[in-house]
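Data block below; observations after.
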Amino acid sequence: MFNTPFVISFALLLSFPLLFLFAPQIFPPKHVEISIPDELDDLALFRRATLASIDVNGGAISRLGTTNPRMKIAFLFLTNTDLHFAPLWDQFFANHDDLFNIYIHADPSSKITPPRGRVFKGRFIASKRTQRASPTLISAARRLMATALLDDPLNSYFALVSQHCIPLHSFNFIYNSLFRSQFPEYRSFIQILSNESYMWDRYVARGESAMLPEVPFDRFRFGSQFFVLTRRHALVVIRDRRLWRKFRMTCLNEDSCYPEEHYFPTLLSMEDPQGCTQYTLTRVNWTESVDGHPRTYFPAEISWELIYKLRESNSTYSHMFARKFSPDCLKPLMDIADKVIFRD
């Protein structure tokens, strides 16, 4: 009744609507975009956190009903996989409940099993999708900071870590290093570099004049995306709109686009360079990087010698965290936790 070419052509015609319907699932977009609803949600969160922090030096703390509140460290976990080192962190936090808070931003598109550790229970925040080398990582970090600012006025330092990070010292050592040695002038520990060879390529990744006038090339900075910020600087980050509009732009040259490594150091170097140490407390080995990822340590390498080496720093402070470790490093790390890592 119908010849074969006609049937094939008719079937292809009927399949076009199905292609448009299922194409996003079959061929997912290369980059995760920040939708307008997501942006509006973040702005509302940032506004609430800013307003709640206005009188943090006045009424907000006194309402807690204590005359001598102790400052806390907010640990901000940014992850798209399970927190494989949760048992190690659980041991790190043990017996210090009144000195820290934990907040976890987990990519909702990943199937993540909540860690069993007591300290992680109920610490997941409302999260959005994230992707490496995209503004979504900036948004996630800002979301974590805003949540922590809003949650507890005693959060005074904000340490951003990943699922691949481990502590290199005991909690007491890190807490005392951050608060006692800097009192009364607290500074942020964030790497800020300006003379790297690839800076121009990254600056023009969105177009040669795209960052102007807000960010001229001589103010463009680079640094590790893992840092420890003061409360003052966390507020600077969530209040920013001017630089965010530039860094959230789509890159034309994707090979040179790493906004999460430039937004925070550029913003803080422009707003308060003297309030930043210019270096990070997280040790990362880039000398043997693979496909833009830092060197990964494996179980056979875990030893007290490695921990001591990772602690070494050119600054006045020892490194306090390190990455990147494979998930199967948990057991050898736990084996040396009491005698090496947490023995300060």
Side-chain angles (χ1 to χ4, degrees), residues 31-36 38-51 53 76 78 105 128 130-150 158 160 187-196 198-254 256-280:
H31 288 291
V32 176
E33 300 292 336
I34 300 173
S35 68
I36 293 178
D38 285 352
E39 182 82 351
L40 293 176
D41 284 347
D42 284 347
L43 288 173
L45 172 63
F46 299 163
R47 191 175 297 111
R48 292 198 307 273
T50 299
L51 291 174
S53 299
L76 316 178
L78 179 57
H105 187 291
K128 312 291 184 183
T130 56
Q131 187 177 53
R132 182 174 177 264
S134 81
T136 59
L137 288 178
I138 301 174
S139 292
R142 297 175 85 200
R143 210 171 287 129
L144 280 162
M145 289 183 218
T147 303
L149 285 164
L150 190 60
F158 300 75
L160 185 67
R187 294 196 296 165
S188 289
F189 295 86
I190 179 171
Q191 186 179 45
I192 301 177
L193 303 173
S194 60
N195 296 319
E196 305 303 300
Y198 44 75
M199 292 290 280
W200 176 251
D201 288 340
R202 293 193 177 191
Y203 179 76
V204 299
R206 299 162 189 80
E208 191 161 333
S209 302
M211 302 298 287
L212 296 173
E214 287 84 355
V215 187
F217 178 62
D218 63 353
R219 304 298 300 277
F220 189 62
R221 296 292 183 266
F222 163 79
S224 168
Q225 69 182 98
F226 299 101
F227 42 69
V228 180
L229 300 188
T230 61
R231 187 178 184 92
R232 181 177 78 256
H233 287 160
L235 280 166
V236 168
V237 167
I238 68 165
R239 286 170 176 164
D240 172 61
R241 303 290 181 271
R242 193 168 60 98
L243 265 62
W244 168 241
R245 285 195 292 267
K246 293 296 184 178
F247 281 93
R248 67 159 294 174
M249 294 170 60
T250 301
C251 286
L252 304 178
N253 180 3
E254 297 175 355
S256 297
C257 189
Y258 297 92
E260 71 274 19
E261 295 180 353
H262 295 277
Y263 172 75
F264 298 102
T266 299
L267 173 64
L268 293 180
S269 70
M270 294 177 76
E271 293 290 335
D272 185 20
Q274 299 305 314
C276 302
T277 62
Q278 315 286 315
Y279 57 83
T280 179

Do the side chain of R231 and the main chain of L149 share a donor and acceptor less than 3.5 angstrom apart?
yes
Gap separating the CG atom of L78 from the CD atom of E260, nearest 0.5 angstrom:
9.5 Å
The reported gap from OH in Y198 to OH in Y258 (rounded to nearest 0.5 angstrom) is 10.0 Å
Would you confirm whether S35, through its side chain, and D38, through its main-chain N or O, come within 3.5 Å as a donor-acceptor pair?
yes
Any side-chain heavy atom of I138 within less than 4.5 Å of one from F264?
yes
For R187 and C276, the nearest pair of non-hydrogen atoms, with its separation, is NH1-O, 3.7 Å
Just by modelled atom types, is the D240 backbone N or O under 3.5 Å from a matching donor or acceptor in the R142 side chain?
yes
Could you pull out the closest heavy-atom pair between P135 and F247, with the gap in Å?
CG-O, 3.6 Å
Distance-minimising heavy-atom pair for A49 and L235
O-CD2, 4.5 Å
Measuring from atom CE of M145 to atom CG of L45, what distance do you get when rounded to the nearest 0.5 angstrom?
12.0 Å
On a heavy-atom basis, which atom in T136 and which in V32 lie closest, and how many Å separate them?
CG2-O, 3.5 Å
Are the aromatic ring centres of H262 and F220 under 6.0 angstrom apart?
yes
Side chain of T277, backbone of S188: donor and acceptor closer than 3.5 Å?
yes
When you measure from the side chain of Q278 to the backbone N and O of L193, does any donor-acceptor pair fall under 3.5 Å?
no
Those residues at least two apart in sequence (or on a different chain) that pass side-chain contact (heavy atoms from CB on, under 4.5 Å) with P213 are none
CZ on R132 to CD on Q225, rounded to 0.5 Å
8.5 Å
Counting distance only, does the side-chain N/O of S224 pair as donor-acceptor with the main-chain N or O of Q191 below 3.5 Å?
no
Spacing of Y263 atom OH and S139 atom OG [to the nearest 0.5 Å]
9.0 Å
Check the surroundings of atom CG in L40: do more than 12 heavy atoms from other residues, nucleotides or ligands lie under 6.0 Å from it?
yes
Quick check on E214: does its CD atom have over 12 non-hydrogen neighbours (other residues, nucleotides or ligands) under 6.0 Å away?
yes
Taking all heavy atoms of R206 and all of P259, pick out the closest pair and write down the distance.
NH2-CB, 3.5 Å
Charged N to carboxylate O under 4.0 angstrom, R202 versus E196?
no
Is K128 salt-bridged to D42, cutoff N-O under 4.0 Å?
no
To check you understand the geometry: which heavy-atom pair defines the closest contact between P265 and G223, and what is its length?
CG-N, 3.6 Å
Has Y203 got a side-chain atom pairing as donor or acceptor with F217's backbone, closer than 3.5 angstrom?
yes
Backbone N or O of R239 within a donor-acceptor pair of the R241 side chain at under 3.5 Å?
yes
If only atom types and distance count, is the side chain of S256 paired as donor or acceptor with the main-chain N or O of N253 below 3.5 Å?
no
Rounded distance (nearest 0.5 Å) linking atom NE2 of H105 with atom CG of L137
9.0 Å
If we ignore hydrogens and angles and just use 3.5 Å, is the side chain of S269 paired with the main-chain N or O of T266 as donor and acceptor?
yes
